[in-house]
Amino acid sequence: MAALRRLLRSPARACFLPQCSAGKRLISSAISEPELRFPELLNHRQFPDRKDSSDRDVRWVFLGCPGVGKGTYASRLCNLLGVPHIATGDLVRDELNSSGPLAEQLRGIVNQGKLVSDEIIVNILAKRLEEGEAKGESGFILDGFPRTIKQAEILEGVTDIDLVINLKLREDVLVEKCLGRRICSQCGKNFNVASIESKGEDGRPGIYMAPLLPPSGCASKLITRADDTEEVVKERLRIYNDMSLPVEDFYRSRDKLLEFDLPGGIPESWPKLLDLLNLSDQDVKQSAAA
Ligand code: ADP
């Protein structure tokens with residue numbers, strides 16, 4: 001913990017008061033300026049041990065620009081591997097749709113395409129991990145966290161991440177994908193109405209992505225995320241390049257980064273991603289049955 005505390009010596013800032021008991025304990029004891037110890041929430045209680053990675057469930061991270069498909073591929077892998085998919089964007093949206101004290105503040109931040117502060121996001125994630133721990137969850141794939149070097153350092157201080165998958169797509173395609181994104185307001189599933197056909201240029205191959213259309217039951221219930229407008233998507237991309245690209249370097253320098261250039265939509269990309277990970281649907285089903 002001493003190393004973690006050293007990491008956290010930063011100017012005191014306003015801190016979200018979390019609802020969970022560990023959070024309350026922390027806040028009551030922790031804000032002794034100038035040291036802010038909010039990340040103690042992400043302590044060994046949520047990450048029980050540092051066992052050899054072959055001896056426990058996976059702890060993976062998905063990185064990538066807005067709209068690249070982190071949620072799609074992370075949730076598919078989670079289904080295959082039987083670990084929880086923890087997407088901080090979803091946690092933030094749950095919080096802003098609640099009547100909690102943070103809802104309005106978060107709405108303002110998210111709808112402008114800005115990042116939520118490290119303190120708030122760590123608190124929200126810690127609460128989710130505590131709930132998972134209480135249900136006996138083990139392992140995870142994190143999607144959308146860490147997004148700043150500070151978050152990456154905090155995570156590194158509390159657990160060993162095995163692998164970081166960095167999904168990549170051209171920026172013009174990312175914007176089109178975000179603008180075509182739709183969510184079923186009833187079941188929460190993601191779809192995409194955009195049909196993307198982008199010509200190859202500068203020696204890079206062209207890319208085709210078929211729309212991912214909803215079944216008839218969802219078709220009349222589609223909504224668009226408030227932050228999926230062209231202006232906000234461009235701001236989110238700018239912020240990604242500014243704040244989150246350094247996180248790629250953070251993991252690259254630790255030899256944990258696996259780069260994956262998406263060759264197309266799900267039918268083209270999913271089998272290639274499984275190959276890269278030395279996984280196949282079949283293998284995983286067999287090992288689950290054993
Ligand atoms: P994206 O499509 O941009 O990857 P997400 O659904 O992951 O979107 O996140 C939505 C919003 O939630 C972000 O724009 C940001 O405001 C907030 N958010 C999610 N994760 C983080 C994080 N790790 N740090 C700060 N803000 C976050």
Side-chain angles (χ1 to χ4, degrees), residues 13-16 38-39 41-42 60-75 78 85-98 100 102-129 140-156 158 161 164-169 171 173-183 188-192 194 223-248 250-251 262:
R13 282 159 282 177
C15 190
F16 157 49
F38 63 91
L41 281 170
L42 286 181
W60 291 359
V61 163
F62 261 81
L63 295 182
C65 287
V68 75
K70 296 184 293 294
T72 303
Y73 295 101
S75 84
C78 285
H85 172 209
I86 301 183
T88 46
D90 290 345
L91 299 179
V92 168
R93 278 183 291 278
D94 287 348
E95 194 71 43
L96 70 81
N97 287 325
S98 75
L102 270 185
E104 279 317 304
Q105 187 189 343
L106 288 179
R107 194 181 322 281
I109 298 170
V110 172
N111 289 355
Q112 287 176 59
K114 310 281 185 224
L115 287 188
V116 171
S117 72
D118 292 333
E119 290 91 332
I120 291 179
I121 204 74
V122 166
N123 276 284
I124 290 176
L125 177 60
K127 190 170 151 219
R128 166 64 186 81
L129 289 167
F140 52 76
I141 297 183
L142 289 179
D143 154 6
F145 186 97
R147 252 171 158 109
T148 64
I149 289 287
K150 183 82 172 178
Q151 293 174 19
E153 287 170 346
I154 290 167
L155 192 61
E156 184 173 65
V158 294
I161 294 297
V164 178
I165 300 169
N166 188 27
L167 297 184
K168 289 167 38 180
L169 256 183
E171 193 157 316
V173 177
L174 289 170
V175 176
E176 263 194 88
K177 272 195 76 198
C178 284
L179 298 184
R181 187 150 62 179
R182 300 289 181 275
I183 302 163
K189 284 210 176 105
N190 277 281
F191 303 100
N192 206 302
I223 52 169
T224 304
R225 267 170 53 173
D227 58 345
D228 274 344
T229 63
E230 187 163 353
E231 192 191 348
V232 178
V233 169
K234 287 191 170 154
E235 175 65 359
R236 279 155 59 206
L237 285 169
R238 189 190 67 72
I239 290 180
Y240 185 89
N241 288 331
D242 206 20
M243 305 296 288
S244 307
L245 268 189
V247 177
E248 296 180 11
F250 180 94
Y251 288 116
L262 288 157

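Each ligand, and each atom within it, is numbered from 1 in the order the structure gives. All residue numbers in this chain count up from 1 along the given sequence.
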Decide whether an N or O pair under 3.5 Å exists between [X] and ligand 1.
X	answer
Q151	yes
G144	yes
V116	yes

Provide the closest heavy-atom pair for I183 versus R225 in the form atom of the first, atom of the second, distance.
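So the two residues come closest at CD1-CG, 3.5 Å.
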
So, does K150 sit close enough to ligand 1 that a heavy atom of it is under 4.0 Å from the ligand?
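Not so, K150 does not reach ligand 1.
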
So, applying salt bridge (charged side-chain N to carboxylate O under 4.0 Å, His left out) with D228, which one of K177, R182, R181 is it?
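Exactly one candidate clears the test, R181.
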
Gap separating the [atom1] atom of [X] from the [atom2] atom of [Y], nearest 0.5 angstrom:
X	Y	atom1	atom2	result
Q151	I121	CD	CD1	6.5 Å
I161	F140	CD1	CZ	4.0 Å
L91	I124	CG	CD1	7.0 Å

Exam field: side chain S244 to backbone R147, donor-acceptor pair closer than 3.5 Å:
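Yes, the answer is positive, given that a donor and an acceptor are paired below the 3.5 Å cut-off.
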
Does R238 come within less than 4.0 Å of E235, counting only side-chain N to carboxylate O?
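Yes, this pair counts.
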
Shortest heavy-atom approach to atom 5 (P) of ligand 1 - which of R147, M243, R236, K70:
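Checking each option, the heavy atom nearest atom 5 (P) of ligand 1 is found in R147.
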
Side chain, backbone, both or neither: the part of [X] lying under 4.0 Å from ligand 1 by heavy atom:
X	result
K114	backbone
R181	side chain
R225	side chain

[X] neighbourhood, listing ligand 1 atoms whose heavy-atom distance to it stays under 4.0 Å:
X	value
T88	19 (C), 20 (N), 21 (C), 23 (N)
R93	6 (O), 10 (C)
V110	16 (O)

